[in-house]
Amino acid sequence: MLDINFIRNNPEKVKEAISNKRETVANVDELLELDVQRRSAIHACEQLKSKRNEKSRAVSELKKKGQDASQIIEETKKIGDDIKSYEEKLKELESQIHNLHLRIPNIPAEDVPVGRDENDNVCIRTWGTRKTFDFTPLPHWELGSALNILDLERSSKIAGSGFILLKGLGSKLERALFSFMLDLHTGEHGYTEVFPPFLVNRMSMIGTGQLPKLEDDMYRTAVDDLFLVPTAEVPVTNIHRNEIFSYKDLPVFYTAYTPCFRREAGSYGKDTRGIIRVHQFNKVELVKLVRPETSYDELESLVRNAEKVLQLLGLEYRMSILCTGDLSFAAAKCYDIEVWAPGLEKFLEVSSCSNFEDFQARRINVRFRDEDGKLRFIHTLNGSGLALPRTVIAILETYQQKDGSVIIPEVLRPYMGGIEVITRK
RNA sequence: GGAGAGGUGGCUGAGCGGCUGAAAGCGACGGUUUGCUAAACCGUUGUAGGGACAAAAUCCCUACCCCGGGUUCGAAUCCCGGCCUCUCCGCCA
């Protein structure tokens with residue numbers, strides 16, 4: 001949510017930012033028009049209330065003296081009716097304004113390149129060297145199936161396409177990966193581990209910006225109006241909703257493992273093979289709540305924390321800054337990390353690290369009291385550290401051998417009971 | 001699922017129809033005192049919205065005692081609905 005005052009004072013700037021993000025600009029003018037109406041209604045309404053309060057006080061005085069107040073009471077009844085009609089008008093205006101306001105995206109940071117889509121993203125750095133093979137590397141679904149650690153036929157029998165059934169060392173590898181990531185982030189990077197609910201209410205989804213825009217992409221339990229989390233960002237960022245921090249308590253770093261549920265509406269036919277794009281996947285998330293003046297430094301260290309996972313796993317990756325057109329609704333600036341998958345011969349996004357500035361903080365109403373006692377909104381950030389299926393893809397495809405076996409990266413071996421290689425039985 | 005109790009400021013806790021944005025205490029902050037600390041004493045101590053001002057300071061108004069409705073000239077206080085917490089019973093991993 002943008003500051004309404006900022007929108008009032010900088011409408012052109014906001015519209016330019018929105019069009020750079022390739023979202024609807026029309027909302028801004030409509031919002032501002034309604035805002036003018038709203039303020040005049042507030043003014044009128046409050047003047048009436050002031051009058052009513054004055055009269056009520058007069059009634060009280062008269063009654064104390066034991067005098068008759070029926071005339072004033074009659075007058076005041078009429079004022080009450082007027083107030084009611086203004087309040088109805090105001091309520092209608094405010095709900096319209098709120099709906100529009102919630103749909104206005106965040107403004108990209110100054111240094112975000114203006115661009116149309118992912119082709120305009122700019123690579124910042126790369127890590128690792130391209131692995132070469134003296135045989136043709138297989139895609140992960142062939143490896144996983146032959147090793148009997150991945151069974152997509154049966155998972156689709158159970159739940160449908162886009163769901164994963166891991167077996168044996170496949171499940172163990174999954175568990176090893178998120179344990180390893182959590183240990184790294186808590187042990188080396190200063191994050192506190194949390195284990196949040198996997199279902200969240202509507203307020204939480206609005207708070208982080210998934211709603212109202214992306215409702216179609218979410219799984220929802222109709223009876224209770226709860227949503228399956230699309231990312232741990234939602235429950236974790238909402239931990240401190242409606243709270244006020246002392247400046248002494250910032251920054252706060254959280255890391256959490258959760259499954260993530262996404263309907264992937266509108267992406268049918270894309271990445272249908274294997275486990276590149278699925279409806280349920282595991283992810284370790286990093287979330288930071290920080291002071292505004294530190295948030296861009298914190299973004300840099302956040303992305304480094306995520307990169308560290310791939311470095312320790314020995315997987316080649318590249319890190320890019322997203323252009324305005326590819327930037328998500330709530331983000332001001334975002335880095336993507338993509339890992340190289342030799343069997344697929346392409347890069348796969350495994351992490352998206354974003355600074356939301358105070359956009360989410362306004363929605364979830366999280367502020368801090370600074371050294372001068374002033375209340376200010378915090379900045380929120382998050383990033384994957386990392387998304388598992390695509391990391392698994394990269395591991396299987398990168399460490400495959402000619403005989404179809406897969407070597408386990410050394411850092412994972414302690415989590416795998418010392419197993420060094422997954423072989424066909 | 002059944003029965004009951006309750007949700008008031010940073011916290012504890014009064015108020016149960018009329019200057020009550022809200023007593024008292026604690027905490028926090030500022031000051032006096034002090035060799036330092038402590039203690040004591042004095043003072044300050046909510047947020048949001050709207051308006052006045054070119055703007056800041058400031059001032060005025062409005063709202064907020066879990067949320068949403070209702071009754072009333074007037075609601076923290078009465079009534080209804082919701083959410084949450086606690087206790088007991090039942091059921092269950």
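Note: hydrogens, waters and symmetry copies are ignored here, and every other heavy atom, side chains too, is used.
Rounded to the nearest Å, the gap between the C1' atom of B:rG35 and that of B:rG30 is 23 Å. The same atom, C1', is picked in B:rG18 and in B:rU32; the two are 41 Å apart, to the nearest Å. One P atom belongs to B:rA75, the other to B:rG68, and the distance between them is 15 Å to the nearest Å. One P atom belongs to B:rG43, the other to B:rU85, and the distance between them is 42 Å to the nearest Å. Separating the C1' atom of B:rG9 from that of B:rA63 is a span of 16 Å, rounded to the nearest Å. Between B:rG27 and B:rU33, the distance separating the two P atoms is 22 Å to the nearest Å. Comparing the P positions of B:rC60 and B:rU8 gives an interatomic distance of 31 Å, to the nearest angstrom. B:rA39 sits 22 Å from B:rU45 when the C1' atoms are compared, rounded to a whole Å.
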Might you list the N or O atoms of the protein lying below 3.5 Å from N or O atoms in nucleotides 80-86 of chain B, with each pair's distance?
none

Can you give me the N/O atom pairs linking the protein to nucleotides 60-68 of chain B at distances under 3.5 Å, or say none if there are none?
residue	atom	partner	partner atom	Å
B:rC61	O3'	A:Ser50	OG	3.3
B:rU62	OP1	A:Asn53	ND2	3.2

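Partners of A:Lys288 by side chain to side chain donor-acceptor pair (under 3.5 Å), not counting sequence neighbours, listed by chain and number: A:Glu298, A:Ser301. Applying the ring pair (Phe, Tyr, Trp, His ring centres under 6.0 Å) criterion to A:His185, with sequence neighbours excluded, gives A:His189, A:Tyr191. Remark: A:Glu75 engages A:Lys55 in a salt bridge (Lys or Arg N to Asp or Glu O under 4.0 Å) (not counting sequence neighbours). In this structure, the ring pair (Phe, Tyr, Trp, His ring centres under 6.0 Å) partners of A:Phe178, at least two apart in sequence or on a different chain, are A:Tyr257. In this structure A:Arg52 satisfies the salt bridge (Lys or Arg N to Asp or Glu O under 4.0 Å) test with no other residue, sequence neighbours excluded. In this structure, the salt bridge (Lys or Arg N to Asp or Glu O under 4.0 Å) partners of A:Lys213, at least two apart in sequence or on a different chain, are A:Glu23. Take A:Thr380 and apply the side chain to side chain donor-acceptor pair (under 3.5 Å) test, not counting sequence neighbours, and it matches A:Gln360.
Salt-bridge check for A:Lys15 with A:Glu12: passed, with a basic side-chain N closer than 4.0 Å to an acidic carboxylate O. Classification of A:Asp358 and A:Arg362 as a salt-bridged pair holds, one side-chain N sitting under 4.0 Å from a carboxylate O. At a threshold of 4.0 Å, the pair A:Asp35-A:Arg38 counts as salt-bridged, since one of the basic side-chain nitrogens sits closer than that to a carboxylate oxygen.
Under the Watson-Crick or G-U wobble criterion, with both distances below 3.5 Å, B:rA55 has no partner in any strand shown. Base pairing of B:rA3 is made with B:rU87, judged by Watson-Crick or G-U wobble geometry with both donor-acceptor distances under 3.5 Å. Across all strands shown, nothing is found opposite B:rA38 as a Watson-Crick or G-U wobble partner with both distances under 3.5 Å. If you check B:rG21 for Watson-Crick or wobble pairing at under 3.5 angstrom, you find it has no partner at all. When Watson-Crick and G-U wobble pairs are counted only if both distances are under 3.5 Å, B:rU71 pairs with no nucleotide at all. B:rA48 and B:rU62 make up a base pair, with Watson-Crick or G-U wobble contacts both under 3.5 Å. When Watson-Crick and G-U wobble pairs are counted only if both distances are under 3.5 Å, B:rU33 pairs with no nucleotide at all. Using Watson-Crick or G-U wobble geometry with both donor-acceptor distances under 3.5 Å, B:rG9 finds no partner in any strand shown.
Remark: P of B:rG74 and CD of A:Glu61 are 17 Å apart, rounded to the nearest angstrom. Taking atom NZ on A:Lys55 and atom C1' on B:rG74, their separation rounds to 14 Å, with Å as the unit. Atom CG in A:Asn9 sits about 12 Å away from atom C1' in B:rA55, given to the nearest Å. Rounded to an integer number of Å, the gap from NZ of A:Lys248 to P of B:rC29 is 7 Å. Distance A:Asp81 CG to B:rC73 P: 10 Å, rounded to the nearest Å. Atom NZ of A:Lys63 is separated from atom C1' of B:rG17 by 11 Å (rounded to the nearest Å). Protein atom CG of A:Leu62 is 16 Å distant from nucleotide atom P of B:rG74, rounded to whole Å. Going from atom CD of A:Glu75 over to atom P of B:rG74 covers 14 Å, rounded to whole Å.
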Please report, to 0.1 Å, the donor-acceptor pairs under 3.5 Å made by any side chain of residues 104-115 of chain A, with sequence neighbours excluded.
residue	atom	partner	partner atom	Å
A:Asn106	ND2	A:Ala330	O	3.0
A:Asn106	ND2	A:Phe356	O	3.1
A:Asp111	OD2	A:Lys333	NZ	2.6

Considering only distance and modelled atom types, tabulate donor-acceptor pairs under 3.5 Å from the side chains of residues 404-418 of chain A, sequence neighbours left out.
residue	atom	partner	partner atom	Å
A:Ser405	OG	A:Gln401	NE2	2.8
A:Ser405	OG	A:Asp403	OD1	2.6
A:Arg413	NE	A:Ile408	O	2.8
A:Arg413	NH2	A:Ile408	O	2.9
A:Tyr415	OH	A:Asp183	OD2	2.6

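Annotation for A:Phe261: atom CZ counts as buried by contact number, over 12 foreign heavy atoms lying within 6.0 Å.
Residue A:Ser56 is in base contact, counting any heavy-atom pair closer than 4.0 Å across all strands shown.
Sequence order on RNA chain B of the closest nucleotides to A:Ile244 and A:Lys77 puts A:Ile244 first from the 5' end. If you find the closest nucleotide of RNA chain B to A:Asp35 and to A:Lys84, the one lying nearer the 5' end belongs to A:Asp35.
For the segment residues 357-380 of chain A, the set of residues with a heavy atom within less than 4.0 Å of an atom of RNA chain B comprises A:Arg367, A:Arg369, A:Leu375, in numerical order.
Between A:His279 and A:Tyr219, the two ring planes are perpendicular [angle over 60°; tilted spans 30° to 60°].
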